[in-house]
Asker: 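Can you read through this structure? Questions will come right after.
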Number of protein chains: 2
Amino acid sequence: MHNSEAMALSAALLAVAGELTQRINEGVVARGFEGMRPAHGFAFTRLAPDGATVTELAAHLGVTKQAASQLVDEVVRKGYAERRPHPADARARLIVLTERGWACTRAAEEAAAEVVREWADVLGEGEVRALRDRLGRIAPYGPIRPAW
Amino acid sequence: MHNSEAMALSAALLAVAGELTQRINEGVVARGFEGMRPAHGFAFTRLAPDGATVTELAAHLGVTKQAASQLVDEVVRKGYAERRPHPADARARLIVLTERGWACTRAAEEAAAEVVREWADVLGEGEVRALRDRLGRIAPYGPIRPAW
DNA sequence: CTCCATAGTCAAGCTGCTTGACCATTTCGT
DNA sequence: ACGAAATGGTCAAGCAGCTTGACTATGGAG
């Protein structure tokens, strides 16, 4: 595969990723969750199962723990999460989503599903599943980083 | 397709896009082009064919023309591009890549090809081509936006 | 020729991130 | 068991990249 083909793939991938992020965020805001940015959503996906500490969140987002703490301040102030004492470590705090935080997460899922449905209209359902499987096989493990 | 499947696809897509961006940028820096950020690369892809004006660049990147002008200042100062008088409009300036700018673009292509080759090792060459084709069919036309 | 739109820049301000410093608690080495 | 080092978290200051607002110079429509 030539370099120019690799660039074409890269460009398409980044364009699709950029549009997806923007569309999800717009969908979330349109559903009444104002002032939310994409980074909040990525934080929520880490907090969703059982909560997380600030340090874990920082690692997930690929930023310093100060930046993560600041982001937590913001979502706590807006009512999407709360800080609880950590059950096993008195230094740490467990950040967990509130009911409003869960509602916002569901809104993001709906918005994502809308975009994916448009892709299915173009590619067909099976192709979209194939896309998911293939991307899943090359997706890295590390922190989620902004595309640029 | 359920919402959770859409989210799985979205997460994989964004993770892959984030890693690709980071790896390309690291590859560019490792090849001796220090102080380059991903945004520079996206600017270069617009400048590459025949140059562009600041306003066109701003539209391509989805930022204000002041921000684009500032970015041009930076790449001009670093020797990757230069401002020339526009052949058809005395208000405008045509921003074109220097030889060093072209070298940097080639370095980005090599770095991208390296990452794509790793994908081919996992998925196979045919699957990667299929990925490119499908992403190309759902890629939007508008400005290239940062993933978040 | 007049009037408005457009290309570009200068200046000021904001936001989200970084680095550096610090305290409280846990964990490790002996 | 105890002191030292590591870890979780926050406060504070600074910075980079972006925004809005204001302005000049040129182009184009009537």
Side-chain angles (χ1 to χ4, degrees), chain A residues 18 21-22 25 29 34-44 46-47 50-78 80-96 143-148, chain B residues 18 21-22 25 29 34-44 46-47 50-78 80-96 143-148:
Chain A
T21 302
Q22 189 188 353
N25 192 245
V29 171
E34 293 175 25
M36 296 304 280
R37 289 173 289 116
H40 296 137
F42 290 101
F44 286 12
R46 182 63 184 79
L47 298 178
D50 301 296
T53 66
V54 164
T55 299
E56 288 166 347
L57 195 54
H60 179 71
L61 297 175
V63 298
T64 61
K65 56 186 183 177
Q66 292 92 323
S69 181
Q70 191 171 312
L71 190 142
V72 168
D73 282 344
E74 189 183 349
V75 295
V76 166
R77 181 164 24 85
K78 290 177 176 171
Y80 294 102
E82 56 186 16
R83 291 183 216 251
R84 296 191 178 176
H86 195 287
D89 188 337
R91 295 170 301 178
R93 301 188 190 194
L94 194 64
I95 318 298
V96 296
I144 305 286
R145 296 188 170 278
W148 67 91
Chain B
T21 303
Q22 189 188 351
N25 192 245
V29 171
E34 292 176 26
M36 297 303 282
R37 290 173 290 116
H40 296 138
F42 290 99
F44 286 11
R46 183 63 184 80
L47 299 178
D50 302 296
T53 66
V54 165
T55 299
E56 288 166 347
L57 195 55
H60 179 72
L61 297 176
V63 299
T64 61
K65 58 185 181 176
Q66 291 92 324
S69 181
Q70 192 171 312
L71 190 143
V72 169
D73 282 343
E74 189 183 349
V75 295
V76 165
R77 182 163 23 86
K78 290 178 176 171
Y80 294 103
E82 58 186 15
R83 290 182 218 252
R84 297 192 177 175
H86 195 286
D89 188 337
R91 296 170 301 177
R93 302 189 189 193
L94 194 64
I95 318 298
V96 297
I144 305 287
R145 295 186 169 283
W148 67 90

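Every value quoted in this text rests on a predicted model; they were computed, and no experiment measured them. In what follows, every chain begins at residue 1, and chains take the letters A, B, ... in the order their sequences are listed.
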Asker: Considering only side-chain heavy atoms of A/Q66, which listed nucleotide, C/dT18, D/dG9, C/dT9, is closest?
Answerer: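 The listed nucleotide nearest to A/Q66's side chain is C/dT18.
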Asker: Under the 3.5 Å rule, do the base of C/dT26 and the side chain of A/R91 count as making a donor-acceptor pair?
Answerer: no
Asker: Side-chain contact, heavy-atom cut-off 4.5 Å: A/R83 with A/V54?
Answerer: yes
Asker: Rounded to whole angstrom units, what separation is found between the CE atom of B/M36 and the P atom of D/dG17?
Answerer: 12 Å
Asker: Are side-chain heavy atoms of A/R145 and B/T21 found at a separation under 4.5 Å?
Answerer: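 No, side chains not in contact.
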Asker: Give the rounded distance in Å between these two atoms: CD1 of A/I95 and C1' of D/dG8.
Answerer: 11 Å
Asker: Please state whether the phosphate of D/dG9, meaning OP1 or OP2, lies under 4.0 angstrom from any side-chain nitrogen or oxygen of A/T53.
Answerer: yes
Asker: Would you indicate which nucleotide in D/dG9, D/dG27, C/dT18 comes nearest to any side-chain atom of B/A90?
Answerer: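 Of the options given, the side chain of B/A90 lies nearest D/dG27.
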Asker: Could you give the CZ-to-C1' distance, from B/R145 to D/dG17, as a whole number of Å?
Answerer: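 My rounded result for the distance is 16 Å.
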Asker: Among B/R93, B/R91, B/H86, whose side-chain contact (heavy atoms from CB on, under 4.5 Å) with B/T53 holds?
Answerer: B/H86
Asker: For B/L57 and D/dC18, give me the distance from atom CG to atom C1', rounded to whole Å.
Answerer: 15 Å
Asker: Which is true for B/A67 with a 4.0 Å heavy-atom rule: it touches a base, it touches only sugar-phosphate, or it touches nothing?
Answerer: base
Asker: For the side chain to side chain donor-acceptor pair (under 3.5 Å) test, which of B/R77, B/K78, B/Q70 pairs with B/E74?
Answerer: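 The option that passes is B/K78.
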Asker: In whole angstrom, give the distance that lies between atom CZ of B/R83 and atom C1' of C/dT9.
Answerer: 9 Å
Asker: Where each residue is assigned the nucleotide of DNA chain C containing its nearest heavy atom, which of A/A88 and B/V54 is assigned the position nearer the 5′ end?
Answerer: B/V54
Asker: Taking for each residue the nucleotide of DNA chain D with the nearest heavy atom, is it A/Q70 or A/D89 whose nucleotide lies nearer the 5' end?
Answerer: A/D89
Asker: Would you say C/dA24 has OP1 or OP2 under 4.0 Å from some side-chain N or O of A/R93?
Answerer: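 So the side-chain polar atoms of A/R93 never come under 4.0 Å of the phosphate oxygens OP1 or OP2 of C/dA24.
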Asker: Please report the distance, rounded to the nearest Å, between CD in B/E74 and P in C/dT9.
Answerer: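 So the two atoms are 15 Å apart, to the nearest Å.
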Asker: Please confirm whether the shortest side-chain N or O distance from A/R37 to OP1 or OP2 of C/dG16 is below 4.0 Å.
Answerer: yes
Asker: So does A/T64 get a side-chain nitrogen or oxygen closer than 4.0 Å to the phosphate oxygens (OP1/OP2) of C/dT18?
Answerer: yes
Asker: Would a 4.5 Å heavy-atom cut-off, applied to side chains only, mark B/V96 and B/E82 as touching?
Answerer: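 Yes, at least one pair of side-chain atoms sits under 4.5 Å.
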Asker: What integer distance in Å separates B/D73:CG from C/dG8:C1'?
Answerer: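 About 11 Å, once rounded to whole Å.
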Asker: Using whole Å, what does the distance between atom C1' of nucleotide C/dG8 and atom NE2 of B/H86 come to?
Answerer: 13 Å
